[in-house]
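Only this structure's heavy atoms are used, side chains among them; waters, hydrogens and symmetry mates stay out. Letters A, B, ... mirror the listed sequences (proteins, then strands); counts begin at 1. Treat the numbers as computed from the prediction; the structure is a model and nothing was measured.
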There are 2 protein chains.
Amino acid sequence: MTTVTLAQVAAKAGVSTATVSMVLRNRGRISQATRERVLLALDESGYVYNQTAANLRNRSSNQVGLLLHDITNPFYGEMTAGLSHEMERHEMLLFLANSEESEERQQKFVDSLMRNSACGMVLCAARGTPQAFFDGLKRRNIPAIMVVRPLDDPDFDFVGTDNFLGSQMATAHLLKLGHRNIAFIGGSLNSGTRAQRIGGFTSKLLEHGVAPKPEWIVASQASQSDGARVAEALFKHYPQITAAVCYQDIVALGVMQTLRKAGREPGRDFALVGFDDITEAALVQPALTTVSVAAKEIGRKAGELLFSRIQGNSEPPKRIILPPALVVRESCGFANHAFY
Amino acid sequence: MTTVTLAQVAAKAGVSTATVSMVLRNRGRISQATRERVLLALDESGYVYNQTAANLRNRSSNQVGLLLHDITNPFYGEMTAGLSHEMERHEMLLFLANSEESEERQQKFVDSLMRNSACGMVLCAARGTPQAFFDGLKRRNIPAIMVVRPLDDPDFDFVGTDNFLGSQMATAHLLKLGHRNIAFIGGSLNSGTRAQRIGGFTSKLLEHGVAPKPEWIVASQASQSDGARVAEALFKHYPQITAAVCYQDIVALGVMQTLRKAGREPGRDFALVGFDDITEAALVQPALTTVSVAAKEIGRKAGELLFSRIQGNSEPPKRIILPPALVVRESCGFANHAFY
DNA sequence: TTGTAAGCGTTATCAG
DNA sequence: CTGATAACGCTTACAA
């Protein structure tokens with residue numbers, strides 16, 4: 001496997017490397033005749049452009065990183081698809097890493113990106129990442145967009161959704177349907193996203209004169225089984241609960257199981273709203289009413305913003321908050337008198 | 001942002017670049033004294049290794065590509081996690097691309113990998129990829145591991161599961177339970193994976209003296225709703241069917257819906273086996289008996305094999321076929337007298 | 001044990 | 001419009 005170089009193509013075409021380079025990149029003025037000669041030589045030689053050499057020379061690159069904490073979560077799968085699509089449009093390559101919430105792996109990935117002179121990155125930082133990590137990133141001076149997990153450092157661009165508003169919409173929906181005994185199920189205790197969603201939940205309850213009960217706000221892991229487990233304990237103590245806002249769709253699916261096991265049919269005997277609008281939400285029976293946060297769109301927007309930063313856009317840091325939408329399906333009953 | 005180079009570190013430490021390079025890579029014999037001096041200079045200067053320059057010089061790289069057709073499919077999410085983890089162990093970076101079944105995007109990604117001198121790749125090729133694509137890949141002479149979708153080209157390494165055997169296990173299970181009128185539901189018509197699974201299905205039927213009925217083998221898209229739709233038509237024509245092997249778990253979930261709609265309870269009036277063992281399989285009611293294919297393990301194994309190829313392992317192409325396992329749950333009745 | 005210097009394959013500057 | 005040639009930052013014979 002001999003690699004064909006520009007010089008070899010140039011020799012073959014009887015021109016200089018400078019000329020070949022210019023033809024390749026459509027720069028400068030090249031006569032039609034030589035251009036064709038070069039193109040032919042290029043074609044015949046089976047030349048493959050060496051991006052590494054170009055990057056070294058240009059002190060630049062076309063590679064960006066994406067750091068997630070859990071790629072197996074369908075939400076992040078969607079987001080990755082959106083970002084990947086956007087990067088592809090710009091002929092950029094996407095490095096992927098999965099921190100699995102390990103701060104060490106996260107740091108290693110970022111270091112690796114620096115060594116490989118990536119030109120930017122999109123991060124959904126591991127839970128509990130210390131400020132030092134972000135400070136280090138700033139010192140590096142490389143475009144970095146934070147996504148999904150809210151961050152209070154105002155120096156970074158951020159793309160996410162309005163958790164507060166989404167949760168308010170879900171809660172308002174249940175209230176309009178007449179529910180008063182509403183629980184909030186799911187999320188981990190130290191999650192900022194969860195804090196925002198709980199904020200939306202309780203504020204909307206209060207707005208309607210309903211006092212939030214702390215005992216009815218329970219955490220769970222991001223899995224169907226843990227959602228089911230947690231809901232079981234909750235409903236045993238408080239059978240008067242008739243509705244719930246769930247932190248995530250997968251948790252809502254678990255809650256559905258628990259309800260059925262107790263002989264209560266979701267959508268008839270109990271109203272349930274989820275969060276995320278994952279694919280399964282539309283497919284399950286009854287179809288899950290949920291707050292859609294457009295994961296793909298977050299990926300796309302993050303990609304767009306990252307690209308503009310790479311291009312040199314130096315406006316002050318932005319916070320792009322995508323509006324959530326309430327997707328009314330069947331899990332709160334077949335009522336369709338919700339106007340918001 | 002001035003980039004610190006080896007030369008600058010060398011100057012600072014009062015040694016040559018060769019010395020710094022050797023210290024950095026723990027090569028050659030360096031006296032303890034100078035090593036320490038260099039380490040100090042390295043530290044004080046905030047030096048960042050330039051992998052690009054090293055790669056150019058070495059005509060190598062530490063970057064591999066992963067091409068999928070649908071990253072939003074949970075199965076591939078799992079697989080990606082397995083591969084990513086394995087690559088990380090070897091300090092390699094992973095490029096990700098999502099072909100969305102587009103042959104053009106797939107080709108673009110591979111070309112891009114070549115330009116960036118990736119040192120290997122893992123591919124789950126788009127459906128209907130022409131042989132020319134694979135031939136082109138061979139000419140490139142770069143380690144490439146195919147995964148999941150069976151390929152009849154014997155020149156490539158392959159990691160996947162034994163669809164034939166898995167399907168046989170599922171079918172045998174139903175036969176042992178006494179079923180004779182068994183359908184096969186799901187998969188797209190031009191899928192090689194499906195062909196293998198159908199092969200296992202029919203061969204096992206024949207082994208037990210049951211003639212496979214072509215009308216009872218129906219295709220569907222990879223969604224719960226289409227599984228439901230397809231099953232509905234099937235059961236209307238052939239109410240005598242009492243069991244089914246499904247191409248995928250999600251299809252099986254759709255079939256469950258259809259059964260219930262017709263007043264038949266899965267696990268009691270009808271026996272159902274799925275394929276994939278997705279998370280939902282364990283959680284649905286009745287829990288789905290299914291063939292497990294260990295997506296994460298496929299990713300891990302593919303990574304392992306790729307790494308060995310990159311290291312120069314030139315044994316003939318391998319086919320790593322991970323053994324499927326029948327996970328008996330409740331959707332075929334609560335019988336537990338299956339011994340295989 | 002350490003230094004010198006010639007590449008790796010591009011790009012860009014400057015002549016011609 | 002085209003050609004020489006000096007970088008880009010690192011590695012590695014080969015010298016010293």
Which residues satisfy the side chain to side chain donor-acceptor pair (under 3.5 Å) test with [X], sequence neighbours excluded?
X: A/K138; result: A/D153, A/D155
X: A/T17; result: none
X: B/S21; result: none

Treating [X] as the side-chain partner and [Y] as the backbone partner, does any N or O pair qualify as donor plus acceptor under 3.5 Å?
X: A/T5; Y: A/Q8; answer: yes
X: A/D157; Y: A/K318; answer: yes
X: B/S61; Y: B/S117; answer: yes
X: A/N116; Y: B/Q51; answer: no
X: B/R105; Y: B/E100; answer: no

Exercise for the section: Please name all residues satisfying side chain to side chain contact (heavy atoms under 4.5 Å, CB included) with B/D70, sequence neighbours left out, ordered by chain then number. Expected result: B/T72, B/N73

Problem - chain B contact limits on DNA chain C, taken 5' to 3' with a cut-off of 4.0 angstrom to heavy atoms - result: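 Contacts span C/dT1 to C/dG9, reading 5' to 3'.
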
So if I take [range] and measure heavy-atom distances to DNA chain C, which residues fall below 4.0 Å?
range: residues 12-26 of chain B; answer: B/G14, B/V15, B/S16, B/T17, B/A18, B/T19
range: residues 30-40 of chain B; answer: B/I30, B/S31, B/T34
range: residues 51-60 of chain B; answer: B/L56, B/R57, B/R59

Handout entry: Note: B/R140-B/D111 ion pair, threshold 4.0 Å (strictly below)
Key =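 Yes, charged N to carboxylate O under 4.0 Å.
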
Practice task
Determine, for A/E88 against B/K108, whether the closest basic-nitrogen to carboxylate-oxygen distance falls under 4.0 angstrom.
Solution key: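 So A/E88 does not pair with B/K108 through a salt bridge.
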
Problem - Leading and trailing nucleotides of DNA chain D with any atom under 4.0 Å from heavy atoms of chain B - result: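 From 5' to 3', the first and last contacting nucleotides are D/dG9 to D/dT12.
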
Exercise for the section: Enter the inter-axis angle for the ends of the helix from C/dT1-D/dA16 to C/dG16-D/dC1 (five pairs per end, rounded to 10°). Expected result: 40°

Practice task
List in chain and number order the residues that pass salt bridge (Lys or Arg N to Asp or Glu O under 4.0 Å) with B/E304, two or more places apart in sequence or in another chain; answer none if no residue qualifies.
Solution key: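 Salt bridge (Lys or Arg N to Asp or Glu O under 4.0 Å) list for B/E304, sorted by chain: empty.
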
Problem - From B/R57 atom CZ to A/L56 atom CG, the distance as rounded to the nearest 0.5 Å - result: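 Taking CZ in B/R57 and CG in A/L56, the distance rounds to 12.5 Å.
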
Handout entry: Partners meeting ring-ring contact (aromatic ring centres under 6.0 Å, His included) with A/H69 (sequence neighbours left out)
Key =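 So A/H69 forms a ring-ring contact (aromatic ring centres under 6.0 Å, His included) with A/Y76.
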
Handout entry: salt bridge (Lys or Arg N to Asp or Glu O under 4.0 Å) between A/R37 and A/E44, worked out
Key = CA-CA 11 Å; A/R37 210 141 37 88; A/E44 286 179 342; over 6 Å; no

Problem - Candidate pair B/F156 and B/L137, rule side chain to side chain contact (heavy atoms under 4.5 Å, CB included), full reasoning - result: CA-CA 10 Å; B/F156 287 103; B/L137 219 48; 4.0 Å; yes

Handout entry: Lys NZ or Arg CZ of A/R319 over A/F158 ring: under 6.0 Å, within 45°
Key =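 Positive - A/R319 is close enough to the ring of A/F158 and near enough to its axis.
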
